[in-house]
Amino acid sequence: MPGAPKMPMPVVFFGHGNPMNALERNSFSEGWARIGVAVPKPVAILSISAHWYTRKTGVTVSPAPQTIHDFGNFPDELFRVQYPAPGAPELAARICEMLKPLEVVADEEWGLDHGTWSVLVHAFPKAGIPVIQLAIDATRPNRFHYDLGAALAPLRDEGVLIIGSGNIVHNLGLVRWRGDGPAYDWADRFDLKVRDLILAGNHAPLIDYPSLGEDAMLSVPTPEHYLPLLYVLGAQRPGDAVSFPVEGMAMGSLSMRSVAIGM
């Protein structure tokens, strides 16, 4: 793509947590802002968000994607947030072509959900970089998502920033909505186990995360917030540096860990 940097773009997983982080200045949102400064300016952003979890592999093709407020029972101020980034229909068409023979549905209706814009309002607040989203196909096994990340990795050489947005630990059923005490022991253990496996470059147990036991089952009761991590790990290349620019737990059972690869 024109304007692509000489070095491959990094790949970043964001632990996005509570949508209110879009409005708040805290250690998490400040970390996202630092990520935006640290990466080379992308020609476009491809986001894999936990909140487009459906029964297809799809990609947004609108030249002006809408800001989707896909939540309830939050302050009106959050519903007024707009992230008017342009779309990238040509990049969407390229993805459809490069992933053949996999059918990738060109979706004109979906826009940018809060898994995407709640972090980008801090990382790239001017909303001037084109952004598209890739849908997560809920009917596919974990390995499919990891392999799809690997198939998308050539976009790194074209100036495209691939991001995943979810949470390594995401158990809403046990969230501490009132107050923010210490994390559950199982949540801390699983978050640190994932960190250690990423540092070791041992992706197999991360793909087959149920094999990691009861801590994994409590931390990932449903897969949609975990799977974006597999896309990011799939796009990793030998020799890529790995760092964790944001760490910490929120509300007892949400890991806010971000994973940066190649930066």
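In this chain, numbering begins with 1 at the start of the sequence shown. Being a predicted model, the structure only gives us computed values, none of them experimental.
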- Message: Strictly below 4.0 Å, N to O, side chains only: are R237 and D157 in salt-bridge contact?
- Response: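 Judged by the 4.0 Å cut-off on N to carboxylate O distance, R237 and D157 do form a salt bridge.
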- Answer with yes or no after comparing the ring centroid distance for H51 and W110 against a 6.0 Å cut-off, counting only values under it. no
- Item | Option passing side chain to side chain contact (heavy atoms under 4.5 Å, CB included) with P228 (candidates N167, I136, I163, L134) |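 When side chain to side chain contact (heavy atoms under 4.5 Å, CB included) is applied between P228 and each of N167, I136, I163, L134, only I136 qualifies.
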- Quick one: do the N21 and N26 side chains pair a donor with an acceptor below 3.5 Å?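 Side chains of N21 and N26: pair found under 3.5 Å.
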Evaluate the side-chain proximity of [Y] to [X]: yes if any heavy-atom separation is below 4.5 Å, no if none is.
X: L23; Y: M20; value: yes
X: V259; Y: F244; value: yes
X: R257; Y: V246; value: no
X: V43; Y: E158; value: no
X: S253; Y: R176; value: no
X: Y184; Y: D215; value: no
X: D191; Y: S219; value: no
X: F13; Y: I168; value: yes

- Does the Q133 side chain pair with the main chain of D113, one donor and one acceptor, at a distance under 3.5 Å?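 At least one qualifying donor-acceptor pair exists.
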- Message: I'd like to check the salt bridge (charged side-chain N to carboxylate O under 4.0 Å, His left out) partners of R25; sequence neighbours left out, ordered by chain and number.
- Response: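 Here the qualifying residues are E30.
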- Are V105 and L91 linked, directly or through other ILVMFWY residues, by side chains that come within less than 4.5 angstrom of each other?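 Result: no, two separate clusters.
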- Message: For Q66 and L112: C-alpha separation, side-chain torsions, deciding distance, then whether side chain to side chain contact (heavy atoms under 4.5 Å, CB included) applies.
- Response: CA-CA 6 Å; Q66 63 174 317; L112 306 180; over 6 Å; no
- Message: By the definition side chain to side chain donor-acceptor pair (under 3.5 Å), identify the one residue from D107, D137, T139 that meets it with K56.
- Response: D107
Looking at every heavy atom in both [X] and [Y], which two are closest together, and how far apart are they?
X: Y53; Y: A138; value: CZ-CB, 3.4 Å
X: P205; Y: S211; value: O-OG, 4.1 Å
X: A22; Y: V121; value: O-CG2, 3.8 Å

- Task: Specify whether F71 and H114 have parallel, tilted or perpendicular ring planes, treating 30° as the upper limit for parallel and 60° as the lower limit for perpendicular.
- Result: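 Rings of F71 and H114: perpendicular, over 60°.
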- Query: With under 30° as parallel and over 60° as perpendicular, where do the rings of H16 and H225 fit, or are they tilted in between?
  - Reply: tilted
- P245: side-chain contact (heavy atoms from CB on, under 4.5 Å) partners, not counting sequence neighbours: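 By the side-chain contact (heavy atoms from CB on, under 4.5 Å) rule, P245 matches I35, S243, S258, A260.
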